[in-house]
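All remarks here apply to the structure that follows.
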Amino acid sequence: MTDPVLAALRDLAEPAPATLADRVVDGWLRVPGPLGEVYAVVGARGVRLLRPAAFAGELDAFLEDYRSRHGRPVRPAPRAPRGLLPALRGRGEGPALDLGDLTPFAREVLAVTARIPAGQIRPYGWVAREAGHPAAVRAVGTVLARNPVPLLVPCHRVVRSDGDVGQYLSGRADKVALLEREGVELAHLEALAAAGTRLVGSDTTGVVCFPTCHHARRITTAHRHGFPSLARARAAGYRPCRDCRPS
DNA sequence: CCAACGGCGTGCT
DNA sequence: AAGCACGCCGTTG
């Protein structure tokens, strides 16, 4: 078990000179994350696999998971890649990712998901549409269920359209914890959904948003209107927000 | 190639 | 209102 503080300090240390092995062999590491420690495997092009340690089990199981996916040798990584530790603390753009072996559809789904800001959530159906496959809602779920780099690609921010938080790799409890940590008011959103409100608009701007969009949060209660669908909002003269692009 | 399988959505009770 | 059945669709064995 690695001391989180020591692990963090290690990231600040001078990078070791790159050896040939650093370029050819992938490296594993164990670092602190928002739900406890995580294992990661990093290749020359970026992070290839990441798992919460509590979910992955022992290191051996994690490395076997990686080997079964890629069949490449793994050794301990000399250091964490730039941006990994800050990203796991919710800061920065995150480290480079190596998702090269995924299908184009899966890559697109993850790319769309990666753009959801912290503190906000979007439905699976929205991701499907943004990825250019509006009917592949369920397939989006399958892709996210196999997200090789959870936390870095924030699949916990994708939820069901009915207000339920939905499933998650390591269980709904983790998903809820991650979202609440980011300031998402799940109870409030569930109440909204239960009342049939999926979008909110401002009658001063005529714009409708997902409730967690930063524009939506600025609407004062006097000017706030809820809508069950974009069609209904449009019928009332509203247009979709250009930032959260409600569908 | 085909069939089964999901972190879903929706319409019907 | 909560639950269920069925449709959808990209992967995988």
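Naming: A, B, ... by sequence-line order, numbering from 1 per chain.
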Could you tell me from which nucleotide to which nucleotide of DNA chain C, 5' to 3', there is an atom under 4.0 Å from chain A heavy atoms? C:dG7 to C:dT12
Contact between A:Leu169 and A:Arg51 at the side-chain level, heavy atoms closer than 4.5 Å - yes or no? yes
For DNA chain C, which residues in residues 137-147 of chain A have a heavy atom at a distance below 4.0 Å? A:Arg138, A:Ala139, A:Arg146
Looking at A:Asp26 and A:Arg75, is there a salt bridge between them, counting it only when a charged N and a carboxylate O are closer than 4.0 Å? no
Mind checking whether A:Ile121 and A:Val158 have side chains closer than 4.5 Å, heavy atoms only? no
Among residues 165-177 of chain A, which contact DNA chain B at a heavy-atom distance under 4.0 Å? A:Gln167, A:Tyr168, A:Leu169, A:Lys175
A side-chain contact here means heavy atoms from C-beta on lying under 4.5 Å apart; do A:Pro148 and A:Leu99 qualify? yes
Using heavy atoms and a sub-4.0 Å distance, could you list which residues of residues 180-194 of chain A are near DNA chain C? By number, please. none
So how far is it from A:Leu178 CG to A:Leu35 CG, rounded to the nearest 0.5 Å? 4.0 Å
Quick one: list whatever passes ring-ring contact (aromatic ring centres under 6.0 Å, His included) with A:His214, sequence neighbours left out. none
Minimal heavy-atom distance between A:Pro81 and A:Leu29, with the atoms involved, is CD-CD2, 4.1 Å
Do A:Cys213 and A:Gln120 come within less than 4.5 Å of each other through their side chains, counting heavy atoms only? yes
Counting Watson-Crick and G-U wobble pairs with both distances under 3.5 Å, what is the dot-bracket string for DNA chain B, 5' to 3', using [ ] for crossing pairs and | for pairs to another strand? .|||||.||||||
Spell out, as yes or no, whether a donor-acceptor pair under 3.5 Å connects the side chain of A:Ser161 to the backbone of A:Pro123. no
The first and last nucleotides of DNA chain B lying within contact of chain A, meaning any atom under 4.0 Å from one of its heavy atoms, run from B:dG6 to B:dT10
Chi angles and distances behind the salt bridge (Lys or Arg N to Asp or Glu O under 4.0 Å) call for A:Asp164, A:Arg172: CA-CA 10 Å; A:Asp164 187 316; A:Arg172 319 160 87 90; 2.8 Å; yes
Base, sugar-phosphate alone, or nothing: which one does A:Tyr124 contact when heavy atoms must sit under 4.0 Å apart? base
Can you tell if the side chain of A:Asp101 reaches within under 4.5 Å of the side chain of A:His70, non-hydrogen atoms only? yes
Using side-chain heavy atoms (C-beta onward) and a distance below 4.5 Å, is A:Pro240 in contact with A:Arg234? yes
Summary of ring pair (Phe, Tyr, Trp, His ring centres under 6.0 Å) pairs that have at least one residue in residues 146-192 of chain A, sequence neighbours excluded: none
Has the side chain of A:Thr113 got a donor or acceptor atom that lies under 3.5 Å from a matching backbone atom of A:Val109? yes
Do A:Arg138 and A:Tyr124 get their side chains close enough for a donor-acceptor pair, meaning under 3.5 Å? no
Within residues 126-134 of chain A, the residues having a heavy atom closer than 4.0 Å to DNA chain B are none
Sequence neighbours excluded, the answer for ring-ring contact (aromatic ring centres under 6.0 Å, His included) partners of A:His133 is A:Phe105
Are the side chains of A:Arg129 and A:Ser247 in touch, meaning some heavy atoms are under 4.5 Å apart? yes
Which residues pass the ring-ring contact (aromatic ring centres under 6.0 Å, His included) test with A:Tyr39, not counting sequence neighbours? A:Phe62
Test log, rule salt bridge (Lys or Arg N to Asp or Glu O under 4.0 Å), inputs A:Arg157 and A:Glu182: CA-CA 10 Å; A:Arg157 296 178 194 149; A:Glu182 295 180 355; 2.9 Å; yes
Looking at residues at least two apart in the chain, or sitting in another chain, which of them share a ring-ring contact (aromatic ring centres under 6.0 Å, His included) with A:Tyr238? A:Phe227
